[in-house]
Amino acid sequence: MSQKELFETTYHWIYPFLKKFYDLSGTLTPLAGEIDLNFKIETNQGEVFLLKLYDPNTDLDFLDFQEAILKYLNVESHKLPVPEIILNKEGHSTSVFKEDEFNIRKTRLLSWLDGRLYNDVNPQKENLRYSLGLFCGLLSNSLDNFDHPYAHREYPWDIAQGLWTQDHLDLFNSEERNILDYFLNQFSSIKQQYDLLRKAVVHNDANDYNCIVSEDLVDPQVVALIDFGDAIYTQVINDVAIACTYAIMGFEDPLEAAIPLLKGYHASYPLQEDELEVLYHCIAIRLVISVTKARINKLSDPDNPYLQISERPAWELLRKWIRINSEYAKYAFRDACGFSAHPERERFDQWANQRSFSLTALFPTLTKQEVYSLDLSVSSPWLGPASEFNNLDWFAYQIGQFQKENPTKILAGGYLEPRPLYTESSYDKIGNNGLESRCVHLGVDFWIPKKTPVHTLFDGEVVIAENDVGNKKYGGLVVLLHNEESFSFYSLYGHLSISQGANLKIGDRLNKGDLIGYIGDSDENGNWVPHLHFQLMLTLLDFKTDFPGVGYYSQKSIWESMCPNPNALFKIRELDQSQVPNKEDILKKRQAYLGKGMSLQYREPLHIVRGFGVYLIDQNGRKYLDTVNNVAHVGHEHPGVVQVGQRQMGVLNTNSRYIHPNITALADELMKTLPKELSVFHFVNSGSEANELALRMVKAATGSEEMFVSEVGYHGNTNGCIAISSYKFDGAGGKGAPENTHVFPMPDAFRGKYRGEKTASNYCDEIQLLLDNLHANGKKLGGFIIEPILSCGGQVELPVGFLENVYPLIKNSGGLCISDEVQTGCGRMGKTFWGFELHGVIPDIVTIGKPLGNGHPVAAVVCTEEVAKKFANGMEFFNTFGGNPVSCAIAAKVLQVVREEKLQQNAHEVGNYLKTELKLLAEKYSILGSIRGQGLFLGVELIDSDGNPTATQTSYLVDRMKDYGILTSIDGPDHNVIKIKPPLIFSKSNAQFLLQTLRRVLDENAMHF
Ligand SMILES: Cc1ncc(COP(=O)(O)O)c(C=O)c1O
């Protein structure tokens, strides 16, 4: 009978049974189980129990064992929550349930543990895995002195007994068999050592259906383990392996996913070094058992899904696991438990401490000894943008200049330096938290002339002699093995000459002082400026023809242990002096020096030191896809923009009182994009200054300071701008609207005062009302200011027809219309170059800011001839920085780039694609209440089922997106709108990554109500 049928037949009998033995009645829910039938019972009094109906063939000794272990943990335990056995009316721990005349089941009633299953938790973050390890360790600790004869049984799920699976390899196809064979052979080869490991009774099945997790949706913790049915006396490390096996399924990088669990376990139950030696193999064997069991079960009980529940993820994991080097895994496990990742590391350090080598021994023809430490880290301003450091001639020139400035020194450095140099996609991978880049340099680079001979510092044997061909590869590469008395290590020499050298072959033996080769030229060293990459290693892992010279930041401590600092040999002080300020120091100083009103973004603020296209890069080389910084309009540090700025800065930067072509060239560029009516320019330095000047123009042209502004509008940080920014004066610390400022309701058709598609006229009526009131008070209107899409309002698109109707109202009453294009301008809207064009209106004044300088402070005010004439009333307009040649060169270039790289078109195409896909996503996830915006200026408003804003979920989502390497920001009066406004070079594949990550986060528990 299948389990389903069993549940059905049993069901009817349970109610009278419960009444008879336990005097209980309530609702029954069947639960998953491998062999036994399990029911959840919820009584009418609100109590909850678990009823276990053991398989009719269940061994009585097994029942006794279960009782003993639960009693032991409950009575003698160390306060670990485990289920308690409820005695029946007769005081027995077991009752007998007669299913029919032939099937008699023993049953037990257990207390219910509150919480949810680990399997139901999404995401299963590091903290959760740590807590799982911690709990399993506590349990092992508690069971340390427990024993029972039944724990010493034969059991197929015991890793120690896992070789039984060898007899079932014929159930698998050849690809599967190869994998299983590989792991079984490896296990057999370590079995002797493994058999000697410490043993105890362990839970033996901490899978995701047996772990109970707290209800906390943001930071859940494992609070209990249930089902001791698999408990057995075996190697303690097996328990860790089992917990790891299930907790790491589904992760891109399962080894890394295991680390927090291991740390947690080790914190509560310290593991031993020899146990960590075998952990990789134990995890593999648990998987081998799991897939073999599933295959056997499929034949015997095809209808029980529980029996195959982990087969697919187990295979996925097996296929990933086999690609992980077992030696590396061992080092990662050792590192997690606080041992030196490489076991010989301490020996190496002692050896190196007792010795000292000179650079002359490495480079006998160089007479210099002193070192100039070269900063090639991510934040190094010296390196400039990628377009420069990827230019070999430029790099060579820069190095040459440095060398000239420091003629007595060898330029060198780079050990453990996160560098931006490795821009090839082969250095990137998708890890557990999104994109990861291999960027931490593992050796020391010596920037010395080509053809410089390189000699060995120690006797050694050649183990690699290769031409590692390819851009940014090693070119000529030699690796030597050095055997010391009690340990051995390797030294690596990269970027050697191919044409000229010692022609070394594998197996050649070199004596201390022998020639290894010569420094190669760029065409033979992977297209680098001539230098030696010198690295030490305590292992080659299984690399045969090369060895990584850079590693992932997340694995830094492991690589650091495997690859000691080459300066341990030379002990040159300058080589170990990092010039890069660390995040904590900067934070402390920030707190001490800066105004408290200046906030940092994100719960865990970012230390961003470099921009590159659509990415911001932190000090550790982590790349974040940037959908926040619309200021970096044409891409962070666009090479063309950077170059014109640098060049002009080197020639002249002064004010607009001299004749200079740059200011008019910028005006020319702007003219190409604007309607003919808007033809007079004033250049300033920021959006605030632009709006401040616009306000002066209003006053000069109309004689009035009365302004109509939108609720939640923002126009800048100066006195005048704050006075027209409801976002500020109605927000925290604000004192409400000043006398001359008249606020109309935010024209939001989604959650505003008037809703739906045809609300334009309602909002227009509000303006008419303000006008009537103003006139009734004997006042005259100065101006009306609004953004074409309200950014701080939460990317609110103005209802169709609103501006079209309001502009004539304003103009007819003598007021001026200002379009604040500080966020929306310069092609971002996609469909149009300026936001006001979306509405078919022509403002009197346009203010332009953020995108114009791609990060450089430059802004502009454009107005009609009429306004300009009235403004020019005799008072000179002078601005020290506004319109200077550098700013103008930069802004003109930005506009050219938008045109030449067709970025408005890109905003249109990618923006439309993204908006359409977001709308599709909103059909599936009802929390996405409104998708809106134009081009690459989009908003996603999050609401609950009653249409209320969900600020908590919104900030959760933004933080989680950041965890996965995507920067988004929040706005809107209720802090529930995600703003998407990336650099305009944002591509369709960037959009796809954004959507994929968004989907992933939307599936997480905290996003559901
Ligand atoms: C719409 C709008 N106008 C004006 C400003 C002020 O610009 P700035 O910060 O360059 O002074 C901002 C800044 O965020 C803005 O969003």
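Keep in mind that the numbers below use all heavy atoms, side chains included, and drop hydrogens, waters and symmetry copies.
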*Asks:* May I ask you to test the Thr107-Tyr54 pair for a side-chain heavy-atom distance under 4.5 Å?
*Replies:* no
*Asks:* Evaluate the side-chain proximity of Phe39 to Leu31: yes if any heavy-atom separation is below 4.5 Å, no if none is.
*Replies:*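 When only atoms from C-beta onward are counted, Phe39 and Leu31 do not touch, as no gap falls below 4.5 Å.
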*Asks:* Do Tyr246 and Asn207 meet the criterion of a side-chain donor-acceptor pair at a distance under 3.5 Å?
*Replies:* no
*Asks:* Can you check whether Cys136 reaches Tyr269 side chain to side chain, under 4.5 Å on heavy atoms?
*Replies:*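 They are not in side-chain contact.
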*Asks:* Over 60° means perpendicular and under 30° means parallel, so tell me whether Trp321 and Tyr280 are parallel, tilted or perpendicular.
*Replies:* parallel
*Asks:* Under 3.5 Å, is there a donor-acceptor pair linking the side chains of Asn88 and Ser95?
*Replies:*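 Per modelled atom types, Asn88 and Ser95 side chains form a pair under 3.5 Å.
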*Asks:* Can you tell me how the ring of His203 sits relative to the ring of Phe228, calling it parallel under 30°, perpendicular over 60° and tilted otherwise?
*Replies:*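 The rings of His203 and Phe228 stand perpendicular, inter-plane angle above 60°.
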*Asks:* Using a strict threshold of under 4.0 Å (side-chain N to carboxylate O), is an ion pair present between Lys71 and Glu67?
*Replies:* yes
*Asks:* Does one side chain, of Asn976 or Asp974, offer a donor that lies under 3.5 Å from an acceptor on the other?
*Replies:*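 Checked: Asn976/Asp974 side chains show no N/O donor-acceptor pair below 3.5 Å.
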*Asks:* Test your reading of the model: is there a side-chain donor-acceptor pair from Ser268 to the backbone of Leu134, 3.5 Å cut-off?
*Replies:* yes
*Asks:* Are side-chain N/O atoms of Asp147 and His152 paired as donor and acceptor at under 3.5 Å?
*Replies:*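 On atom types as modelled, these side chains qualify, holding a pair under 3.5 Å.
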*Asks:* Using a 6.0 Å distance limit plus a 45 degree cone around the ring axis, check whether Arg1000 lies over the aromatic ring of Tyr964.
*Replies:* yes
*Asks:* May I ask you to establish whether Arg153 and Tyr155 are in a cation-pi arrangement, using a distance under 6.0 Å from NZ or CZ to the six-membered ring centre and at most 45° from the ring axis?
*Replies:* yes
*Asks:* Is it true that Asn1005 and Asn122 share a donor-acceptor pair across their side chains at a distance under 3.5 Å?
*Replies:* no
*Asks:* Do Leu994 and Met961 have side chains that get closer than 4.5 Å, going by heavy atoms?
*Replies:*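 A side-chain contact under 4.5 Å exists here.
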*Asks:* Taking only Lys NZ, Arg NE, NH1 and NH2, and the carboxylate oxygens of Asp or Glu, determine whether Arg295 and Glu176 approach each other closer than 4.0 Å.
*Replies:* yes
*Asks:* Out of Gln186, Lys330, Arg286, which residue meets the side-chain hydrogen bond (donor to acceptor under 3.5 Å, both in side chains) rule with His281?
*Replies:* Gln186
*Asks:* Inspect the surroundings of CD in Glu154 and state if more than 12 heavy atoms from other residues, nucleotides or ligands are less than 6.0 Å away.
*Replies:* no
*Asks:* Looking at side-chain heavy atoms only, is the closest gap between Ile41 and Leu109 below 4.5 Å?
*Replies:*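 Counting from C-beta outward, Ile41 and Leu109 do come under 4.5 Å.
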*Asks:* Report yes or no: do Asp64 and His148 form a side-chain donor-acceptor pair below 3.5 Å?
*Replies:* yes
*Asks:* Measuring only between side-chain heavy atoms, which start at C-beta, is Val48 closer than 4.5 Å to Lys40?
*Replies:* yes
*Asks:* Whether the side chain of Asp205 engages the backbone of Asp227 through a donor-acceptor N/O pair (distance < 3.5 Å, no angle test) should be reported.
*Replies:* no
*Asks:* Look at the side chain of Lys320 and the backbone N and O of Phe251, then say whether any donor-acceptor pair between them is shorter than 3.5 Å.
*Replies:* yes
*Asks:* Given side chains that start at C-beta, do those of Asp274 and Tyr194 come closer than 4.5 Å, heavy atoms only?
*Replies:* no
*Asks:* Is a donor on one side and an acceptor on the other found under 3.5 Å between the side chain of Thr954 and the backbone of Val977?
*Replies:* no
*Asks:* May I ask you to decide whether Glu273 forms a salt bridge with Arg334, counting only side-chain N to carboxylate O separations under 4.0 Å?
*Replies:* yes
*Asks:* Do Asn119 and Tyr209 get their side chains close enough for a donor-acceptor pair, meaning under 3.5 Å?
*Replies:*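 The criterion, which ignores hydrogens and geometry beyond distance, is satisfied for Tyr209 and Asn119.
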*Asks:* Do Leu942 and Pro949 make a side-chain contact, defined as non-hydrogen atoms from C-beta onward lying under 4.5 Å apart?
*Replies:*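 They are not in side-chain contact.
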*Asks:* Return yes if some donor-acceptor pair links the side-chain N/O of Asn38 with the main-chain N/O of Lys52 below 3.5 Å, else return no.
*Replies:*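 No: the side chain of Asn38 does not pair with the backbone of Lys52.
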*Asks:* Is the shortest side-chain N to carboxylate O distance from Lys19 to Asp23 below 4.0 Å?
*Replies:*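 Salt bridge between Lys19 and Asp23, a charged N being under 4.0 Å from a carboxylate O: yes.
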*Asks:* Taking Tyr331's backbone N and O only, do any of them form a donor-acceptor pair with Asp335's side chain (distance below 3.5 Å, no angle check)?
*Replies:* no
*Asks:* Tell me which pairs pass salt bridge (charged side-chain N to carboxylate O under 4.0 Å, His left out) where either residue lies in residues 950-967, with sequence neighbours left out.
*Replies:*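 For residues 950-967: Arg603-Asp959, Arg960-Asp963, Arg960-Glu1004.
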*Asks:* Classify the side-chain pair Glu436/Ser554 by whether it contains a donor and acceptor separated by less than 3.5 Å.
*Replies:* yes
*Asks:* For Thr950 and Asp944, test the side chains for any donor-to-acceptor distance below 3.5 angstrom and give the result as yes or no.
*Replies:*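 No donor-acceptor contact under 3.5 Å links the two side chains.
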*Asks:* Is the ring centre of Phe17 less than 6.0 Å from the ring centre of Phe21?
*Replies:* yes
